[in-house]
Every structure is written in C-alpha cells, then in structure tokens.
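As the structure lists them, so they are numbered: ligands from 1, and atoms in each ligand from 1. All values reported here derive from a predicted model rather than from experimental measurement.
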Amino acid sequence: MYTHLQLRDSARPPVTLATLRHMRSSGEKIAALTCYDASFAVLVDEADADVVLVGDSLGMVIQGHDTTVPVTMDDVVYHCRAVARGLHRPFLMADLPFMSYPSKEQALANAVRLMQEGGAKMVKLESGAGQVDIVEFLATHDIAVCAHLGLKPQSVHKTGGFRVQGRESSAGELMRRNAKDLEQAGADIVLLECIPAELGRAVTAELDVPVIGIGAGPDTNGQILVLYDVLDITTGRKPRFVRNFMEGAGTNLEALRRYVQAVKKGEYPAPEHCF
Ligand code: KIV
C-alpha cells in the first residue's frame with residue numbers, strides 16, 4: 001500500500017509530476033531521453049535521467065521507416081512494456097502514435113492502453129488548437145498529458161518535411177497561444193521540438209508547467225534527445241541540435257551520464273545546437 005510513500009525517503013525516489021514541477025520552480029534542469037527496450041532502460045535509469053519517453057521515433061530508429069507515421073498502438077505498447085521493466089526512477093512517458101487520438105474517446109481508450117498495458121505514467125500527443133478538447137478530456141479523466149508542439153513528425157506529409165517551425169512571427173504567436181490553451185486545458189508538460197531558441201524562451205516564460213525542448217534552445221526547463229543520437233548509433237545526416245555524447249566516453253553508460261550532466265549544468269544545448 002502506498003509504496004510511493006516508502007520510496008520517497010529512499011536514495012533514488014521515483015520521479016513524479018510533483019518532482020518535475022519542483023524542478024521547474026527551483027531551476028533544476030530536467031534531463032530526458034527516449035528509450036525503446038529494457039536493456040537501455042536500465043542504463044538510462046543508472047545515468048539518472050529524470051524522464052524517459054517511449055517515442056514513436058521508434059518507427060525510424062528501431063523499425064527503419066522514413067517517418068513515424070507507420071507506428072501503431074501495438075508497437076508503442078510493446079516497447080513501453082519492455083522499457084517499464086528496466087526503469088525504477090525516471091518518469092515514464094509514452095507517445096500516442098499517428099491517428100490514435102482522432103477523437104476524445106479514442107484518445108482516452110489508447111491512453112488507457114499505454115498506462116495499463118505499457119506501464120506509462122504520462123501520454124504525449126502532437127498538439128495544436130485541434131487537440132485542446134482532447135487534452136481536456138484526458139485531463140478530466142486524471143490522465144497526465146504532455147502536449148507536443150513545434151515540429152510534429154506525424155504531420156510531415158502535410159507540412160512538407162522535417163523543418164524548423166515558428167520562424168515567422170505569426171506562426172510563433174500561434175504556437176504561444178496554442179501552448180497557453182493546452183496548458184489551460186490540463187496539459188501537465190509541454191514539449192517543444194525544433195523551434196527558434198527565442199520562441200522556446202518565450203513559451204517557457206509564459207507557462208507554469210514544465211517545458212521540455214528538443215532543438216528549442218537552452219531556456220526550456222529541460223531537454224530531451226533521441227537515445228540513438230546521443231549514443232551516435234544513428235547513421236546519416238543529423239539534425240543541428242544533436243550532440244554525440246559518445247565522443248570521449250568509454251561506455252554507453254558514461255555517454256548517458258555525460259548527457260544528463262551537460263543538461264543539468266546548462267552546457268547542452270550550446271549555441272551551435274540552436275536555431
Ligand atoms: O518520438 C519521439 O522520440 C519524440 C521526441 C523527438 C521528443 O517525440
């Protein structure tokens with residue numbers, strides 16, 4: 001009963017939403033990573049990452065697709081369950097994949113699957129004005145939600161590719177409005193992908209919930225990177241915001257520790273990783 005109460009005083013108590021809110025208010029940076037299996041989950045946990053995302057990026061880095069569009073609910077549930085087995089401390093978030101949340105009811109049913117079958121504690125969905133009511137519906141059912149704004153990989157065929165978002169002032173203003181609306185609807189975390197650093201700073205300053213960025217500049221409350229980019233497993237051209245933490249590291253665990261420390265100390269992202 002109430003295992004969390006017993007674990008609260010342990011050396012490495014599990015990260016909760018309350019921990020993440022406290023980190024935001026105290027100025028401690030949140031270090032997040034994606035993960036797709038139990039073996040890496042053990043390492044990511046040992047490296048002291050605060051948040052782990054079972055991202056639909058698994059479609060690209062695990063399954064070899066060009067985009068995240070082919071990823072299914074079954075795929076995310078499978079990988080999430082594996083990751084959950086390897087984790088103790090980090091807060092586990094999982095992606096609702098393409099077209100798994102076209103209505104409030106489907107979003108709820110699939111969020112429940114990620115939590116009950118996958119072991120996720122929070123669900124993430126690519127969001128905009130069209131998802132405000134979905135976020136509200138999930139929040140009223142006490143489901144922890146992360147709203148993903150900026151570059152939305154599930155929409156690449158509509159938006160025309162993997163490009164920096166929010167460069168024009170009108171697009172930036174819309175993103176700021178959307179972020180505020182999603183927060184008011186009940187989003188507990190906002191994730192910003194591939195936007196100008198200035199916009200990342202503005203959105204973070206305007207919200208009360210923790211904001212985690214990937215290619216969104218140094219001023220968000222935390223950073224996330226794709227595990228395989230951090231470990232330099234991904235081949236080919238990499239986005240500007242990626243840093244290879246294997247450089248100078250003897251083991252995968254050391255590279256992951258270097259990433260977590262670089263985020264905590266504000267050394268990553270550096271200006272060369274920003275837009
Ligand atoms: O799917 C994913 O890995 C993500 C991160 C890039 C944030 O959404």
Side-chain angles (χ1 to χ4, degrees), residues 20 29-37 40-41 44 49-73 75-80 82-83 90-101 110-111 114 118 120 122-128 131 145-156 159 161-166 175 179 182 187-195 200 203-204 210-217 220-231 233-234 238-243 256 259 263 268-269 273 275:
L20 299 175
K29 294 282 186 186
I30 298 164
L33 279 165
T34 68
C35 192
Y36 317 99
D37 69 28
F40 275 124
V44 167
D50 304 301
V51 175
V52 167
L53 166 69
V54 180
D56 59 0
S57 51
L58 72 88
M60 298 167 83
V61 298
I62 303 285
Q63 297 174 332
H65 296 296
D66 287 340
T67 73
T68 60
V69 172
V71 176
T72 65
M73 271 304 299
D75 293 335
V76 184
V77 166
Y78 172 87
H79 287 279
C80 196
V83 169
F91 190 66
L92 180 57
M93 184 196 311
D95 260 339
L96 281 165
F98 180 67
M99 278 303 139
S100 65
Y101 47 101
N110 284 322
L114 291 179
M122 166 176 267
V123 301
K124 175 165 84 60
L125 65 159
E126 296 185 8
S127 307
Q131 283 69 44
V145 183
C146 173
H148 179 151
L149 287 165
L151 170 58
K152 295 186 277 185
Q154 291 171 17
S155 308
V156 283
T159 56
F162 296 93
R163 294 209 174 87
V164 180
Q165 301 293 304
M175 207 180 296
L182 288 157
D188 302 280
I189 290 184
V190 167
L191 187 144
L192 301 173
E193 177 165 355
C194 228
I195 62 170
V203 173
T204 305
V211 177
I212 297 178
I214 173 164
T220 54
N221 306 120
Q223 300 291 330
I224 184 163
L225 278 179
V226 168
L227 178 70
Y228 285 23
D229 288 340
V230 170
L231 297 179
I233 294 170
T234 329
K238 304 205 177 48
R240 180 190 170 98
F241 54 77
V242 166
R243 179 172 147 193
L256 296 176
Y259 165 72
V263 171
Y268 174 81
H273 305 117
F275 301 105

Worksheet item: Which ligand 1 atoms does G55 reach within 4.0 Å, using its non-hydrogen atoms?
Response: 1 (O), 2 (C), 3 (O)
Discussion item. Ring-plane angle category for Y228 and Y36, please: parallel below 30°, perpendicular beyond 60°, tilted otherwise.
Written reply: perpendicular
Worksheet entry | For D95, the ligand 1 atoms whose distance to one of its heavy atoms is below 4.0 Å | 1 (O), 2 (C), 8 (O)
Worksheet item: With no hydrogens and no angle check, is any side-chain donor or acceptor of D56 less than 3.5 Å from a backbone partner on V71?
Response: no
Fill in: Proximal atoms of ligand 1 relative to I214 (non-hydrogen, under 4.0 Å)
6 (C)
Worksheet item: Going by the atom numbers of ligand 1, which of them fall below 4.0 Å from some non-hydrogen atom of H148?
Response: 8 (O)
Practice prompt. Could you give me the CA-CA distance, side-chain angles and deciding distance for T68 and M60, then say whether side chain to side chain contact (heavy atoms under 4.5 Å, CB included) is met?
Written response: CA-CA 6 Å; T68 60; M60 298 167 83; 3.9 Å; yes
Worksheet item: Where the closest heavy atom to atom 4 (C) of ligand 1 is concerned, which of L53, L191, I224 has it?
Response: L53
Discussion item. Does ligand 1 come near enough to S57 that some N or O of the ligand is less than 3.5 Å from an N or O of the residue?
Written reply: yes
Worksheet entry | Euclidean distance, I195 CD1 relative to F241 CZ, rounded to 0.5 Å | 11.5 Å
Discussion item. Below 3.5 Å, N or O to N or O, backbone or side chain included: is there any such pair between T34 and ligand 1?
Written reply: no
Worksheet, complete the sentence: So CE of M122 and CG of L53: to nearest 0.5 Å the spacing works out to 10.5 Å
Worksheet item: Should L256 and L227 be marked as a side chain to side chain contact (heavy atoms under 4.5 Å, CB included) after you check the CA-CA gap, both sets of side-chain angles, and the distance that decides it?
Response: CA-CA 9 Å; L256 296 176; L227 178 70; 3.6 Å; yes
Discussion item. With nothing but distance in play, are any N or O atoms of K124 less than 3.5 Å from an N or O of ligand 1?
Written reply: yes
